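Owing to the predicted nature of the structure, the values given are computational and were not obtained by experimental measurement. Residue indices begin at 1 and follow the sequence shown.
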Amino acid sequence: MRPCSTVMHLLLRCMRGCGRHSRSRMPRRLRQPVSYIKLIFKSLYFNSLTNSEVVLDCILEPVFWTVEVVTRWFGMVFVFLVVALTSSVVFIAYFCLLPLVLQTYSLGWMMWHICYGNWILVMIVFHYYKATNTPPGYPPKMKNEVPFVSFCKKCVIPKPARSHHCGICKTCILKMDHHCPWLNNCVGHYNHRYFFSFCVFLTLGCMYCSISGRNLFIDAYNAIDQFRHLEAEKQGVPVTGIGFLIGIVPSEGVAGKGVQEISQPPYTYKDRMFHKSVIYMWVLTSTVSVALGALTLWHAVLITRGETSIERHINNKEAKRLAKRGKVYRNPFNYGKLNNWKVFFGVEKRSHWLTRVLLPSGHTPYGDGLTWDIYPLKKDMMPV
């Protein structure tokens, strides 16, 4: 028995002993409330199957409930933030950076930036829309012949394999991965591919903006810093340079002196907003590319192993349990590294890597999410 179990037993014995000695001396009107309190306390430790993890879950239940309520009510706020931040970066790219690209780069680089940037934007918008508006899949609530592995105590319905209950959506989800607040939706069987593709293309888009805008960010930062110093200086002090984005404006010679001074060019509101927009875009895209890139890499590892985020924890516990018995746990939903990706993306032939992965596609995933007998596809999918 674990230490928590021992402590609970000692507390119960103390309460029993105190109850026996004080039962005769306790007033009759207090016996019923005290008995009720004892019953509540014993309900936390109702049988030998209860352990420290169950007690800890009961203690943390208010915290879980608070997180679920906040996530449910602020779901639309998170969606609005994604749309607003993405739109701001697109606005800066089209109205601030695209004119510079058209004036600076050659025709080849110009076509590369336009084609690649618009392709990334179309993929991001398509997969985010599909991920937020596609239901993840729900088990049938009526009696049927579908095999199930457990029973949901909250929905009071049988749960098929790989399905789990979502406390935020208040229902069971087929092949549930997690509830994403940025989508205001669960990630499940029917929208898992859209979620992962959105993460991949948003990461690529942020990396593209961060890498291609690095020099502009440095020039904009230096320009703002130099103009900040120039504003504090007196007029007429010679200036040697102002920055790449601003340019150098020479002044006319002063009569009677052999020194040619450079007057300070006007730092307009348009210049200030341009520089701040470039800095804002670079900082935002660089931060998102690092954070979202790590999340995308983690989900790529899970897909390679044929797991979801929830199944990762379950499989680890099961592997440790079997390891103590000298056995090896094997994931029944792991069809091999390459086949896992083919099943996930729905690739049936070579052309699907282009039409279903690199281009927008609304095809449904394999299976119905209720049964997972995809082993017959294993031999057919190998040559792809």
Q. Could you go step by step and tell me if Y105 and W112 meet the ring pair (Phe, Tyr, Trp, His ring centres under 6.0 Å) rule?
A. CA-CA 10 Å; Y105 292 96; W112 154 256; over 10 Å; no
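Formation of a donor-acceptor pair under 3.5 Å by the N331 side chain with backbone atoms of G306 is found in this model.
If you take CH2 on W109 and OG1 on T104, they are separated by 13.5 Å, rounding to the nearest 0.5 Å.
Between H178 and the choices H164, H313, H299, the ring pair (Phe, Tyr, Trp, His ring centres under 6.0 Å) rule is met once, by H299. With F198 as the partner, the ring pair (Phe, Tyr, Trp, His ring centres under 6.0 Å) test is satisfied by one option alone out of F126, Y128, Y129: Y128.
Using a 4.5 Å cut-off on side-chain heavy atoms (C-beta onward), F74 and P181 make no contact. N191 is not listed as a side-chain neighbour of P135, based on a closest heavy-atom distance of 4.5 Å or more. At least one side-chain heavy atom of K276 sits under 4.5 Å from a side-chain heavy atom of I224.
Between the side chains of Y221 and H275, not a single donor N or O lies within less than 3.5 Å of an accepting N or O. With no hydrogens or angles considered, a side-chain donor-acceptor pair links S88 and Y280 at under 3.5 Å. Donor-acceptor pairing under 3.5 Å is recorded for the side chains of N118 and Y94.
Under the 30°/60° scheme for interplanar angles, the aromatic rings of W182 and F78 are found to be tilted. Taking the six-membered ring where tryptophan is involved, the planes of W372 and H189 are perpendicular, since the angle between them exceeds 60° and thus also 30°. Ring geometry for F196 against F344 counts as perpendicular: the plane angle is over 60°, on a 0 to 90° scale with 30° as the lower cut.
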